[in-house]
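The next block holds one structure in the form of structure tokens; read it before the comments.
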Amino acid sequence: MAKITKQSDNFAKWYTDVILEADLAEHGPVKGTMVIKPYGYSLWENIKNILNNMIKDSGHENAYFPMFIPKSFLEKEAKHVEGFAKECAVVTHSKLISEDGVLKVDPSSKLEEEIIVRPTSETIIWHMFKKWVTSYRDLPIKINQWANVVRWEMRTRLFLRTSEFLWQEGHTAHATKEEAITETLMIVDMYKSLFEDYLAIPTIIGRKSNMERFAGADETYSIETMMRDKKALQAGTSHYLGTNFGTAFDVKFQSKENKEQPVFATSWGVSTRMIGALIMVHGDDKGLKIPPRIAPHQVVIIPINSKNEEKEKFDNFVDMVHSKLKDNGMRCFIDDSNNGPGVKFNNWELRGAPLRIDIGLKEFESGNVTLCRRDTGEKEEMSLDKLSTLPSILEDIQKGMYDSASSFVKENTFELHDYSEFKKLLSKENCFIKAYWDGSDDSELKIKEETKATIRCILEDIKDPKLKCMFSGKPAKHLVVFAKAY
RNA sequence: CGGGAUAUAGCGUAGUCCGGUUAGCGCACCUCGUUUGGGACGAGGGGGUCGCAGGUUCAAAUCCUGCUAUCCCGACCA
């Protein structure tokens, strides 16, 4: 088993090493594609199931819309096209022919209208909403779909930016602006809970600036997270789309008063990118560290020296421990591979299992087990009747992971009101900096050019005319967070 | 799409400058045995159209031409 690069030597290399060595995923044959391997997919499924329940509990219904979108649909919302035009996969033909053993595109199969592989589904969904909405009685529509989308990316990285990725996209239609805005914000809270309560990732939430906003949205709210290299990762978004798509797709409804009115929209999503955040928030030089609530295996049992004379009895003892854990509601796995114990220890640390139970001759004879925590590395021998306390230890680990991630964010977040200090700090190290901003694209752009830091989100609006923009000295409009971002 | 580099077994590489045995090594893999409390050991074994297509030559991984793919650096992005 290869050793992984240390975080301090090369964080990007560490990240790739961990994913490959922990068997989460590997590169597909087409540039930017990713094969999510069983261990990684099981992690995704755990997250997905939790979020899926949250989505349904808040009154949304799952549905599925096609991956293929007529090109003309994309043209209908001007800003939306602009945002996605440069990264679309386009289907132009429907046939291949074999010429002397070489496969070629059959020119005669050229499509009347070219088809876009969805980079996101607003257009096709609003095309359908037009058919579904005529009266106020048809609203709201609250739809979610789990799907893959394709964005043809220049520079790709496993989980963080792949040409094809998995996500959920929620799309809702409402009779009033207020209701749509409430929906947008409710989703932000839902994501916050997913990140904080399950992924143990602290979040910073706010509105996006004009420049960073989703193409076609009136307002974008984002979930910003800090990685261990102190760069920011946008890990989820919720958009208030106003009537942009309603208008573009001519979706209107008749009100109680028999008046024709425009439909208000939201859309929101989180993707497999979350797994990238999870890796970079919690991981250390030993590898992954997965929060217990979403870990594929919460407890991994390592049998040691299982080749003694009483092998059968030994195996029964191991099985008995295993079923005790399962009976206590834990996801549990026995590593009975042929590897030596050292390899297994390192392997499960690399793969981030929260708890490990070692069972060797010593335990077999004493009737105890040895428990080892991934977060602290502490080992302790415990009697079998204490196994029922493991769920509370898992919860303790979960909380500890959140707390330590949270203090890391606090330690690396500063508030500055002087631009030269701002530049100096950012040239020295990555961090989050809260500062006042005048709200202009111009200031934001120049700060980006000079420091590579961007506005991650707007935290508050400023009314006090005495407060000035850190960059321009003009009256401040917002308190924002700056950081270098993924 | 610009600038740079690389392409030899599953992975990592030596050999290429200066053409000449059967293309070598490490990891991984297979078999047998010994091992098992923090990255085991011995013996044996399998696996290569040297990125692709041409050319030069008695002879090409090695020299020449063209192509393709990938990686790094830039502009773009969740």
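Numbers restart at 1 for each chain; the letters A, B, ... are given by sequence-line order, proteins then strands.
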Q.
At 4.0 Å (heavy atoms only), tell me whether A:Thr370 reaches a base, stays on the sugar-phosphate, or touches nothing.
A. base
(Q) Could you tell me how far apart A:Leu371 (CG) and B:G38 (C1') are, to the nearest whole angstrom? (A) 16 Å
(Q) Please tell me whether A:Arg118 and A:Asn148 have a donor and an acceptor in their side chains that are separated by less than 3.5 angstrom. (A) yes
Q) Applying a 3.5 Å limit to both distances, which nucleotide forms a Watson-Crick or G-U wobble pair with B:U68? A) B:A7
Q. Does A:Glu349 get its side chain close enough to the base of B:G39, under 3.5 Å, for a donor-acceptor pair?
A. no
Q) Given atom CD of A:Gln234 and atom C1' of B:C77, what is their separation to the nearest angstrom? A) 10 Å
**Q.** Rounded distance in Å - CZ (A:Arg356) to C1' (B:G37)
**A.** 10 Å
Q: Look through every strand shown and name the nucleotide pairing with B:C1 as Watson-Crick or G-U wobble, where both distances are under 3.5 Å.
A: B:G74
Q) In Å, rounded to the nearest 0.5 Å, how long is the span from OG1 of A:Thr172 to CZ of A:Phe129? A) 7.5 Å
Q. Side-chain donor-acceptor pair under 3.5 Å between A:Tyr486 and A:Asp229, yes or no?
A. yes
(Q) Regarding A:Phe214, tell me which of base, sugar-phosphate or nothing describes its non-hydrogen contacts under 4.0 Å with the strands shown. (A) nothing
(Q) For a quick check of understanding: with a heavy-atom distance under 4.0 Å over all strands, which category does A:Leu160 fall into, base, sugar-phosphate or nothing? (A) base
(Q) Can you measure A:Lys311 atom NZ to B:U36 atom C1' for me and round it to whole angstrom units? (A) 12 Å
Q) Does B:G44 pair with anything, Watson-Crick or G-U wobble, both distances under 3.5 Å, and if so, with which nucleotide? A) B:C30
Q) So which nucleotide does B:A59 pair with, by the Watson-Crick or G-U wobble rule with both distances under 3.5 Å? A) none
Q) Under 3.5 Å, is there a donor-acceptor pair between the A:Ser337 and A:Asp335 side chains? A) yes
Q: For B:A61 versus B:G19, give the span between their C1' atoms, rounded off to a whole number of Å.
A: 10 Å
Q) When all nucleic acid strands are considered with a 4.0 Å heavy-atom cut-off, which category describes A:Lys362: base, sugar-phosphate, or nothing? A) base
Q. Where the side chain of A:Val343 is concerned, which of B:G37, B:A40, B:A78 is the nearest nucleotide?
A. B:A40
Q. In whole Å, what separates the P atom of B:G15 from that of B:C71?
A. 25 Å
Q.
Under 3.5 Å, is there any donor-acceptor pair linking the side chain of A:Lys379 to the base of B:G38?
A. yes
(Q) Quick check for you: to the nearest 0.5 Å, what is the distance between A:Ser209 atom OG and A:Arg456 atom CZ? (A) 8.5 Å
Q) How far, in whole Å, is B:G48 from B:G24 if one measures between their P atoms? A) 13 Å
Q. Any idea which of B:G38, B:A78, B:U36 is nearest the A:Ile304 side chain?
A. B:U36
Q) Counting distance only, does the side-chain N/O of A:Gln7 pair as donor-acceptor with the main-chain N or O of A:Gly283 below 3.5 Å? A) yes
Q. Say you pick atom C1' in B:C30 and the same atom in B:G38; how far apart are they, in whole Å?
A. 27 Å
Q. Of the options A:Glu219, A:Glu224, A:Glu444, which is the one that meets A:Lys208 in a salt bridge (Lys or Arg N to Asp or Glu O under 4.0 Å)?
A. A:Glu224
Mind listing the N/O atom pairs, protein and nucleotides 69-76 of chain B, below 3.5 Å?
{"unit_1": "B:C71", "atom_1": "OP2", "unit_2": "A:Lys31", "atom_2": "NZ", "d": "3.3"}
{"unit_1": "B:C73", "atom_1": "OP2", "unit_2": "A:Arg155", "atom_2": "NH1", "d": "3.2"}
{"unit_1": "B:C73", "atom_1": "OP2", "unit_2": "A:Arg155", "atom_2": "NH2", "d": "2.1"}

Q) What distance, rounded to whole Å, do you find between the two P atoms, one in B:G39 and one in B:A28? A) 15 Å
Q) Within this structure, what is the CH2-to-C1' distance between A:Trp167 and B:C77, rounded to whole angstrom? A) 13 Å
Q) Taking the C1' atom of each, how far is B:C73 from B:G55, in whole Å? A) 35 Å
Q. Whole Å only: how far is the CG atom of A:Leu361 from the C1' atom of B:U35?
A. 14 Å
Q: Report the distance from atom CZ of A:Phe345 to atom P of B:A40, rounded to the nearest whole Å.
A: 11 Å
Q) Taking a pair as Watson-Crick or G-U wobble with both distances under 3.5 Å, which nucleotide is matched to B:G24? A) B:U13
Q: Apply side chain to side chain donor-acceptor pair (under 3.5 Å) to A:Trp14 and list each qualifying residue two or more places apart in sequence or on a separate chain.
A: none
Q | Inter-nucleotide C1' distance (B:C76, B:U62), Å rounded | A | 41 Å
Q: Answer with base, sugar-phosphate or nothing: what part of the nucleic acid does A:Glu363 contact at a heavy-atom distance below 4.0 Å?
A: base
Q. Would A:Trp126 and A:His80 count as a close aromatic pair, with their ring centres under 6.0 Å?
A. no
Q) Given the P atoms of B:U31 and B:C58, what is the spacing between them in whole Å? A) 49 Å
Q.
Could you tell me how far apart A:Asn339 (CG) and B:G38 (C1') are, to the nearest whole angstrom?
A. 13 Å
